[in-house]
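Okay, structure first, notes after.
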Amino acid sequence: MGNDFRCCGWWFSWVSVGTAIGGGEPKWALVGVGAALIVASIPIVKAVNRKTKEAVDLYNADVPSVSSNLNPSFNFNVKGVSMGISMSF
């Protein structure tokens, strides 16, 4: 959601800036709306990132650690004109 606000904010701002560059009369209200959306997205993005990290930490707290007995072996196989890699563990 925060990224949506940021994208809309940039779009509103750049439409008016592009109009100004092209020699037209920019709509400064759209630039203001765009800036407001960009600023509004900052706390939303920070909250989403924080909650995502908390969710990953909570999930990882319940997952048992993988034992170090895992020793995969890789084999390169050739049959006729076909080649492949297989992994066994």
Side-chain angles (χ1 to χ4, degrees):
M1 184 169 155
N3 288 335
D4 295 339
F5 281 163
R6 239 185 309 191
C7 288
C8 290
W10 282 113
W11 185 83
F12 279 128
S13 298
W14 280 107
V15 165
S16 293
V17 170
T19 302
I21 291 171
E25 183 63 33
K27 296 185 186 309
W28 294 111
L30 285 180
V31 173
V33 168
L37 287 172
I38 292 169
V39 170
S41 72
I42 293 170
I44 295 170
V45 169
K46 284 186 176 185
V48 167
N49 289 341
R50 186 186 78 245
K51 289 183 184 246
T52 301
K53 184 179 179 335
E54 289 173 2
V56 169
D57 291 342
L58 180 65
Y59 176 81
N60 286 339
D62 290 336
V63 175
S65 63
V66 177
S67 70
S68 62
N69 293 336
L70 181 65
N71 292 321
S73 65
F74 297 93
N75 297 313
F76 184 69
N77 302 319
V78 178
K79 275 191 180 173
V81 294
S82 301
M83 293 187 289
I85 298 174
S86 65
M87 180 175 81
S88 301
F89 52 97

Below 3.5 Å, can you tabulate the donor-acceptor pairs from side chains in residues 42-51 to any protein atom, sequence neighbours excluded?
unit_1 : atom_1 : unit_2 : atom_2 : d
Asn49  : ND2    : Val45  : O      : 3.4

Atom pairs and distances, side-chain donor-acceptor, residues 76-89, under 3.5 Å, sequence neighbours left out:
unit_1 : atom_1 : unit_2 : atom_2 : d
Asn77  : ND2    : Ser86  : OG     : 3.4

Spacing of CG belonging to Asp57 relative to CG belonging to Asp62, to within rounding of 0.5 Å: 11.5 Å
